[in-house]
Protein chains: 2
Amino acid sequence: MSDLLERLRGRGWRLTSQRRVVAQVLDGDHVHLTADEVHALAARRLPEISRATVYNTLGELVSLGEVIEVSTAGRAMRYDPNARHPHQHLVCSGCGTVRDVHPNGDPLAVLPAAERFGFTVSDVEVTYRGLCPSCG
Amino acid sequence: MSDLLERLRGRGWRLTSQRRVVAQVLDGDHVHLTADEVHALAARRLPEISRATVYNTLGELVSLGEVIEVSTAGRAMRYDPNARHPHQHLVCSGCGTVRDVHPNGDPLAVLPAAERFGFTVSDVEVTYRGLCPSCG
DNA sequence: TCTTGACTTGGACTCTGTCCATCGTAGGAT
DNA sequence: ATCCTACGATGGACAGAGTCCAAGTCAAGA
(Lines give C-alpha, C1' and ligand atoms only; values in the text may rest on other atoms or scores of the structure.)
Protein backbone atom coordinates (compact mmCIF):
# COMPACT_ATOMS: atom_id res chain seq x y z
CA MET A 1 0.00 0.00 0.00
CA SER A 2 3.08 2.23 0.28
CA ASP A 3 2.80 3.03 -3.41
CA LEU A 4 -0.95 3.51 -3.39
CA LEU A 5 -0.49 7.27 -3.37
CA GLU A 6 1.78 6.95 -6.40
CA ARG A 7 -0.83 4.95 -8.25
CA LEU A 8 -3.54 7.43 -7.36
CA ARG A 9 -1.45 10.37 -8.51
CA GLY A 10 -0.91 8.48 -11.74
CA ARG A 11 -4.67 8.28 -12.16
CA GLY A 12 -5.00 12.04 -11.92
CA TRP A 13 -5.99 12.26 -8.29
CA ARG A 14 -5.50 15.52 -6.53
CA LEU A 15 -3.45 14.61 -3.46
CA THR A 16 -5.17 16.31 -0.57
CA SER A 17 -4.17 15.81 3.03
CA GLN A 18 -7.54 14.14 3.66
CA ARG A 19 -6.98 11.50 0.98
CA ARG A 20 -3.44 10.93 2.18
CA VAL A 21 -4.65 10.30 5.72
CA VAL A 22 -7.40 7.90 4.63
CA ALA A 23 -4.88 5.94 2.57
CA GLN A 24 -2.51 5.78 5.55
CA VAL A 25 -5.25 4.51 7.84
CA LEU A 26 -6.09 1.74 5.37
CA ASP A 27 -2.47 0.65 5.18
CA GLY A 28 -1.97 -2.99 6.11
CA ASP A 29 -2.95 -6.35 4.76
CA HIS A 30 -5.52 -7.61 7.23
CA VAL A 31 -7.45 -4.49 8.04
CA HIS A 32 -11.24 -4.52 7.83
CA LEU A 33 -12.45 -1.19 9.12
CA THR A 34 -15.90 0.35 8.96
CA ALA A 35 -16.25 3.83 7.50
CA ASP A 36 -16.71 5.23 10.99
CA GLU A 37 -13.57 3.51 12.23
CA VAL A 38 -11.64 4.92 9.31
CA HIS A 39 -13.04 8.32 10.15
CA ALA A 40 -12.06 8.02 13.82
CA LEU A 41 -8.51 6.93 13.00
CA ALA A 42 -8.13 9.57 10.32
CA ALA A 43 -9.34 12.24 12.74
CA ARG A 44 -6.45 11.42 15.07
CA ARG A 45 -4.09 12.77 12.44
CA LEU A 46 -6.38 15.36 10.89
CA PRO A 47 -9.02 16.34 13.46
CA GLU A 48 -11.22 18.37 11.14
CA ILE A 49 -11.73 15.68 8.49
CA SER A 50 -15.42 15.15 7.78
CA ARG A 51 -17.42 11.97 7.52
CA ALA A 52 -18.56 12.91 4.03
CA THR A 53 -14.97 13.07 2.82
CA VAL A 54 -14.18 9.68 4.29
CA TYR A 55 -17.22 8.19 2.53
CA ASN A 56 -16.28 9.91 -0.73
CA THR A 57 -12.69 8.74 -0.59
CA LEU A 58 -13.60 5.16 0.32
CA GLY A 59 -16.11 5.10 -2.53
CA GLU A 60 -13.47 6.31 -4.96
CA LEU A 61 -10.93 3.74 -3.77
CA VAL A 62 -13.56 1.02 -4.23
CA SER A 63 -14.43 2.06 -7.76
CA LEU A 64 -10.74 2.23 -8.63
CA GLY A 65 -10.43 -1.35 -7.40
CA GLU A 66 -7.89 -0.45 -4.71
CA VAL A 67 -10.17 -1.44 -1.86
CA ILE A 68 -12.93 -4.06 -1.52
CA GLU A 69 -16.24 -3.58 0.26
CA VAL A 70 -17.15 -6.40 2.63
CA SER A 71 -20.78 -6.53 3.67
CA THR A 72 -21.31 -8.05 7.09
CA ALA A 73 -25.07 -8.67 7.13
CA GLY A 74 -26.90 -5.89 8.88
CA ARG A 75 -23.81 -4.31 10.34
CA ALA A 76 -21.87 -1.50 8.68
CA MET A 77 -19.88 -2.10 5.52
CA ARG A 78 -16.19 -2.84 6.03
CA TYR A 79 -13.32 -1.79 3.78
CA ASP A 80 -10.55 -4.20 2.89
CA PRO A 81 -7.38 -2.79 1.30
CA ASN A 82 -6.06 -6.26 0.44
CA ALA A 83 -7.58 -6.04 -3.05
CA ARG A 84 -4.50 -7.24 -4.95
CA HIS A 85 -4.67 -10.84 -3.77
CA PRO A 86 -7.92 -12.78 -4.21
CA HIS A 87 -9.39 -14.01 -0.96
CA GLN A 88 -12.70 -14.50 0.82
CA HIS A 89 -13.98 -13.66 4.29
CA LEU A 90 -14.84 -15.43 7.50
CA VAL A 91 -17.16 -13.33 9.67
CA CYS A 92 -17.96 -13.97 13.34
CA SER A 93 -21.73 -13.89 13.88
CA GLY A 94 -21.09 -12.84 17.45
CA CYS A 95 -18.76 -9.85 17.33
CA GLY A 96 -18.47 -9.10 13.61
CA THR A 97 -14.72 -9.75 13.41
CA VAL A 98 -13.53 -10.46 9.87
CA ARG A 99 -10.62 -12.70 8.78
CA ASP A 100 -9.25 -13.25 5.31
CA VAL A 101 -9.44 -16.87 4.14
CA HIS A 102 -8.35 -18.74 1.03
CA PRO A 103 -10.69 -21.56 -0.01
CA ASN A 104 -9.50 -24.16 -2.53
CA GLY A 105 -10.39 -23.70 -6.17
CA ASP A 106 -11.97 -20.79 -8.01
CA PRO A 107 -15.48 -20.12 -6.76
CA LEU A 108 -16.44 -18.54 -10.10
CA ALA A 109 -15.61 -21.73 -11.96
CA VAL A 110 -18.19 -23.84 -10.14
CA LEU A 111 -21.15 -21.92 -11.51
CA PRO A 112 -22.25 -23.72 -14.71
CA ALA A 113 -23.17 -21.62 -17.73
CA ALA A 114 -26.72 -22.97 -17.55
CA GLU A 115 -27.02 -21.36 -14.12
CA ARG A 116 -26.01 -17.89 -15.27
CA PHE A 117 -29.32 -16.83 -16.88
CA GLY A 118 -27.65 -14.57 -19.41
CA PHE A 119 -25.89 -12.53 -16.74
CA THR A 120 -22.35 -11.28 -17.31
CA VAL A 121 -20.96 -12.64 -14.07
CA SER A 122 -17.95 -10.62 -13.05
CA ASP A 123 -17.40 -11.36 -9.41
CA VAL A 124 -18.08 -13.76 -6.56
CA GLU A 125 -18.19 -12.95 -2.92
CA VAL A 126 -17.98 -15.87 -0.51
CA THR A 127 -18.74 -15.21 3.14
CA TYR A 128 -18.26 -17.94 5.71
CA ARG A 129 -20.14 -17.36 8.95
CA GLY A 130 -19.62 -18.84 12.36
CA LEU A 131 -18.44 -18.10 15.87
CA CYS A 132 -14.86 -17.10 16.60
CA PRO A 133 -12.95 -18.71 19.50
CA SER A 134 -13.83 -15.83 21.85
CA CYS A 135 -17.56 -15.87 21.02
CA GLY A 136 -17.93 -19.65 20.61
CA MET B 1 -45.12 -23.11 1.34
CA SER B 2 -48.78 -24.19 1.46
CA ASP B 3 -48.09 -26.11 4.64
CA LEU B 4 -45.95 -23.44 6.24
CA LEU B 5 -48.87 -22.38 8.41
CA GLU B 6 -49.30 -26.00 9.53
CA ARG B 7 -45.64 -26.21 10.49
CA LEU B 8 -45.83 -22.94 12.37
CA ARG B 9 -48.93 -24.02 14.25
CA GLY B 10 -47.04 -27.17 15.16
CA ARG B 11 -44.32 -25.03 16.68
CA GLY B 12 -46.79 -23.31 18.94
CA TRP B 13 -47.29 -20.20 16.87
CA ARG B 14 -50.42 -18.20 17.45
CA LEU B 15 -52.01 -17.84 14.02
CA THR B 16 -52.88 -14.18 13.71
CA SER B 17 -54.22 -12.64 10.53
CA GLN B 18 -51.00 -10.61 10.25
CA ARG B 19 -48.78 -13.68 10.29
CA ARG B 20 -51.04 -15.43 7.84
CA VAL B 21 -50.79 -12.53 5.40
CA VAL B 22 -47.00 -12.29 5.68
CA ALA B 23 -46.72 -16.02 5.00
CA GLN B 24 -49.00 -15.69 1.97
CA VAL B 25 -46.94 -12.83 0.57
CA LEU B 26 -43.78 -14.89 0.88
CA ASP B 27 -45.37 -17.83 -0.92
CA GLY B 28 -43.43 -18.93 -3.99
CA ASP B 29 -40.07 -20.41 -4.81
CA HIS B 30 -38.21 -17.53 -6.41
CA VAL B 31 -39.30 -14.60 -4.32
CA HIS B 32 -36.71 -12.23 -2.88
CA LEU B 33 -38.57 -9.36 -1.30
CA THR B 34 -37.32 -6.60 0.98
CA ALA B 35 -39.09 -6.05 4.28
CA ASP B 36 -40.76 -2.95 2.88
CA GLU B 37 -41.97 -4.83 -0.18
CA VAL B 38 -43.42 -7.51 2.07
CA HIS B 39 -45.09 -4.78 4.09
CA ALA B 40 -46.54 -3.13 0.99
CA LEU B 41 -47.91 -6.40 -0.38
CA ALA B 42 -49.25 -7.46 2.99
CA ALA B 43 -50.97 -4.10 3.39
CA ARG B 44 -52.97 -4.77 0.22
CA ARG B 45 -54.75 -7.57 2.06
CA LEU B 46 -54.61 -6.13 5.56
CA PRO B 47 -54.23 -2.35 5.32
CA GLU B 48 -53.55 -1.69 8.98
CA ILE B 49 -50.62 -4.09 9.35
CA SER B 50 -47.61 -2.31 10.85
CA ARG B 51 -44.01 -2.31 9.76
CA ALA B 52 -42.93 -3.53 13.19
CA THR B 53 -45.09 -6.63 12.84
CA VAL B 54 -43.65 -7.41 9.43
CA TYR B 55 -40.11 -7.09 10.81
CA ASN B 56 -41.01 -9.23 13.82
CA THR B 57 -42.60 -11.93 11.72
CA LEU B 58 -39.76 -12.02 9.21
CA GLY B 59 -37.27 -12.25 12.06
CA GLU B 60 -39.18 -15.15 13.57
CA LEU B 61 -39.39 -16.97 10.25
CA VAL B 62 -35.64 -16.53 9.82
CA SER B 63 -34.79 -17.89 13.25
CA LEU B 64 -37.12 -20.83 12.65
CA GLY B 65 -35.15 -21.53 9.47
CA GLU B 66 -38.22 -21.13 7.25
CA VAL B 67 -36.83 -18.11 5.44
CA ILE B 68 -33.28 -17.02 4.57
CA GLU B 69 -31.91 -13.49 4.76
CA VAL B 70 -30.03 -12.39 1.66
CA SER B 71 -27.80 -9.35 2.06
CA THR B 72 -27.41 -7.38 -1.15
CA ALA B 73 -24.51 -5.03 -0.38
CA GLY B 74 -25.74 -1.70 0.82
CA ARG B 75 -29.31 -2.23 -0.26
CA ALA B 76 -32.00 -3.52 2.06
CA MET B 77 -32.00 -7.12 3.26
CA ARG B 78 -34.10 -9.49 1.16
CA TYR B 79 -36.09 -12.47 2.38
CA ASP B 80 -36.00 -15.77 0.54
CA PRO B 81 -38.64 -18.39 1.42
CA ASN B 82 -36.83 -21.10 -0.56
CA ALA B 83 -35.00 -22.27 2.57
CA ARG B 84 -35.66 -25.97 2.12
CA HIS B 85 -33.32 -26.46 -0.84
CA PRO B 86 -29.73 -25.23 -0.59
CA HIS B 87 -28.84 -22.63 -3.19
CA GLN B 88 -26.85 -19.46 -3.69
CA HIS B 89 -27.61 -16.08 -5.26
CA LEU B 90 -26.82 -14.16 -8.41
CA VAL B 91 -27.37 -10.43 -7.95
CA CYS B 92 -27.52 -7.84 -10.71
CA SER B 93 -25.23 -4.93 -9.89
CA GLY B 94 -27.47 -2.71 -11.99
CA CYS B 95 -31.00 -3.23 -10.75
CA GLY B 96 -30.58 -5.45 -7.70
CA THR B 97 -32.57 -8.38 -9.12
CA VAL B 98 -31.80 -11.67 -7.40
CA ARG B 99 -31.87 -15.17 -8.93
CA ASP B 100 -31.36 -18.50 -7.23
CA VAL B 101 -28.41 -20.48 -8.58
CA HIS B 102 -26.90 -23.89 -7.87
CA PRO B 103 -23.10 -24.04 -8.11
CA ASN B 104 -21.35 -27.41 -8.29
CA GLY B 105 -19.97 -28.88 -5.10
CA ASP B 106 -20.34 -27.84 -1.48
CA PRO B 107 -18.84 -24.40 -0.87
CA LEU B 108 -18.27 -25.24 2.80
CA ALA B 109 -16.06 -28.19 1.89
CA VAL B 110 -13.48 -26.09 0.05
CA LEU B 111 -12.39 -24.20 3.16
CA PRO B 112 -9.46 -26.12 4.67
CA ALA B 113 -9.33 -26.56 8.44
CA ALA B 114 -6.11 -24.54 8.53
CA GLU B 115 -8.06 -21.58 7.18
CA ARG B 116 -10.74 -21.65 9.87
CA PHE B 117 -8.76 -19.99 12.69
CA GLY B 118 -10.62 -21.86 15.40
CA PHE B 119 -14.01 -20.61 14.24
CA THR B 120 -17.04 -22.90 14.35
CA VAL B 121 -18.03 -22.36 10.74
CA SER B 122 -21.75 -22.99 10.35
CA ASP B 123 -22.73 -21.39 7.09
CA VAL B 124 -21.52 -20.08 3.74
CA GLU B 125 -23.14 -17.44 1.64
CA VAL B 126 -22.01 -17.23 -1.98
CA THR B 127 -23.06 -14.18 -3.95
CA TYR B 128 -22.31 -13.94 -7.64
CA ARG B 129 -22.43 -10.40 -9.01
CA GLY B 130 -22.81 -9.20 -12.54
CA LEU B 131 -25.16 -7.52 -14.98
CA CYS B 132 -28.45 -9.11 -15.98
CA PRO B 133 -29.49 -9.22 -19.66
CA SER B 134 -31.59 -6.03 -19.28
CA CYS B 135 -28.83 -4.06 -17.55
CA GLY B 136 -25.88 -5.49 -19.49
C1' DT C 1 1.36 34.53 -8.04
C1' DC C 2 -3.07 33.79 -9.95
C1' DT C 3 -6.88 31.05 -11.35
C1' DT C 4 -9.93 27.55 -11.49
C1' DG C 5 -12.26 23.53 -10.99
C1' DA C 6 -11.79 19.65 -8.09
C1' DC C 7 -12.21 18.72 -3.24
C1' DT C 8 -13.94 19.37 1.53
C1' DT C 9 -17.21 20.69 4.91
C1' DG C 10 -21.08 20.01 8.05
C1' DG C 11 -25.57 19.76 8.65
C1' DA C 12 -29.91 18.22 6.97
C1' DC C 13 -31.94 14.36 5.06
C1' DT C 14 -33.18 9.40 3.72
C1' DC C 15 -33.45 4.71 4.39
C1' DT C 16 -33.43 0.57 7.03
C1' DG C 17 -34.29 -1.32 11.09
C1' DT C 18 -35.17 -1.44 16.43
C1' DC C 19 -37.54 -0.33 20.74
C1' DC C 20 -41.22 0.28 23.80
C1' DA C 21 -45.57 1.35 26.18
C1' DT C 22 -50.05 0.35 25.23
C1' DC C 23 -53.82 -2.00 23.19
C1' DG C 24 -56.03 -6.12 21.04
C1' DT C 25 -57.07 -10.87 20.45
C1' DA C 26 -56.24 -16.20 19.71
C1' DG C 27 -57.24 -19.96 21.73
C1' DG C 28 -57.34 -22.70 25.99
C1' DA C 29 -60.20 -23.03 30.21
C1' DT C 30 -64.77 -23.15 32.11
C1' DA D 1 -70.70 -19.58 24.21
C1' DT D 2 -68.07 -16.70 27.22
C1' DC D 3 -64.19 -15.37 29.86
C1' DC D 4 -59.09 -14.77 30.72
C1' DT D 5 -54.70 -13.87 29.91
C1' DA D 6 -50.41 -14.12 27.91
C1' DC D 7 -48.77 -13.51 23.45
C1' DG D 8 -48.87 -10.62 19.58
C1' DA D 9 -49.87 -6.05 17.09
C1' DT D 10 -49.52 -1.14 16.89
C1' DG D 11 -47.34 3.22 15.74
C1' DG D 12 -44.46 6.58 16.86
C1' DA D 13 -40.01 7.72 18.58
C1' DC D 14 -35.42 6.52 18.05
C1' DA D 15 -30.80 4.96 16.14
C1' DG D 16 -27.16 3.79 12.82
C1' DA D 17 -25.37 4.02 8.25
C1' DG D 18 -24.96 6.46 4.40
C1' DT D 19 -26.16 10.37 0.87
C1' DC D 20 -26.84 15.08 -0.68
C1' DC D 21 -25.99 19.83 -1.28
C1' DA D 22 -24.69 24.73 -1.16
C1' DA D 23 -20.90 27.19 0.21
C1' DG D 24 -16.14 27.58 1.24
C1' DT D 25 -11.14 25.93 0.40
C1' DC D 26 -7.03 24.68 -1.87
C1' DA D 27 -3.75 21.71 -5.20
C1' DA D 28 -1.49 22.31 -8.99
C1' DG D 29 -1.01 23.99 -13.69
C1' DA D 30 -0.35 28.52 -16.39
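- Per the geometry, CG belonging to A:N56 stands 12 Å off C1' belonging to C:dA6, to the nearest Å.
- If you check every strand for non-hydrogen atoms under 4.0 Å, B:R19 touches sugar and phosphate atoms only.
- Remark: A:R99 CZ is loosely packed, at most 12 non-hydrogen atoms of other residues, nucleotides or ligands lying under 6.0 Å away.
- Side chain B:R51 to base C:dG17: a donor-acceptor pair is found below 3.5 Å.
- An OP1 or OP2 oxygen of D:dT10 is reached within less than 4.0 angstrom by a side-chain nitrogen or oxygen of B:Q18.
- Here the two rings, on B:H32 and B:H89, have centers that are under 6.0 Å apart.
- Contacts of A:T16 with the nucleic acid, taken as non-hydrogen atoms under 4.0 Å apart, involve only primed sugar atoms and P, OP1 or OP2.
- Regarding B:E60, its CD atom lies at a distance of 15 Å from the C1' atom of C:dG17, rounded to whole Å.
- The residue among B:Y79 and B:L15 whose nearest nucleotide of DNA chain C is located toward the 5' end is B:Y79.
- Comparing B:A35 and B:R20 by the nucleotide of DNA chain C whose heavy atom lies nearest to each, the residue mapping closer to the 5' end is B:A35.
- The OH-C1' distance, from B:Y55 to D:dG16, rounds to 13 Å in whole Å.
- A heavy-atom distance below 4.0 Å to DNA chain D is reached by these residues of residues 38-49 of chain B, ordered by number: B:E48, B:I49.
- The phosphate of D:dT10 has OP1 or OP2 within less than 4.0 Å of a side-chain N or O from B:T53.
- Atom-to-atom, CG of B:L8 to P of D:dG8 comes out at 12 Å; the value is rounded to the nearest Å.
- Atom CG in A:L58 sits about 15 Å away from atom C1' in C:dT8, given to the nearest Å.
- Of the candidates B:V101, B:V91, B:V98, B:V91 is the only one forming a side chain to side chain contact (heavy atoms under 4.5 Å, CB included) with B:T127.
- Distance check: A:L46 CG to A:L41 CG gives 13.0 Å after rounding to the nearest 0.5 Å.
- Remark: of the listed residues B:R51, B:R44, B:R78, B:R78 is the sole one forming a salt bridge (charged side-chain N to carboxylate O under 4.0 Å, His left out) with B:E37.
- Residue contacts shown for A:A52 include a base, since a base heavy atom lies under 4.0 Å away.
- Side-chain atoms of A:R14 stay outside donor-acceptor range of the base of D:dA28, with no qualifying N/O pair under 3.5 Å.
- Atom-to-atom distance recorded for B:Q88:CD and A:E115:CD is 11.0 Å, nearest 0.5 angstrom.
- Summary of the strand contacts: B:S17 and A:W13 both lie near DNA chain D, and taking for each the nucleotide with the nearest heavy atom, the more 5' one is attributed to B:S17.
- Remark: C1' of C:dT16 and CZ of B:R78 are 13 Å apart, rounded to the nearest angstrom.
- Comparing atom distances between the B:D36 side chain and each of C:dT9, D:dG18, C:dT16 picks out C:dT16 as nearest.
- For the residue pair B:H87 / B:D80, a side-chain donor-acceptor distance below 3.5 Å is found, with atom types taken as modelled.
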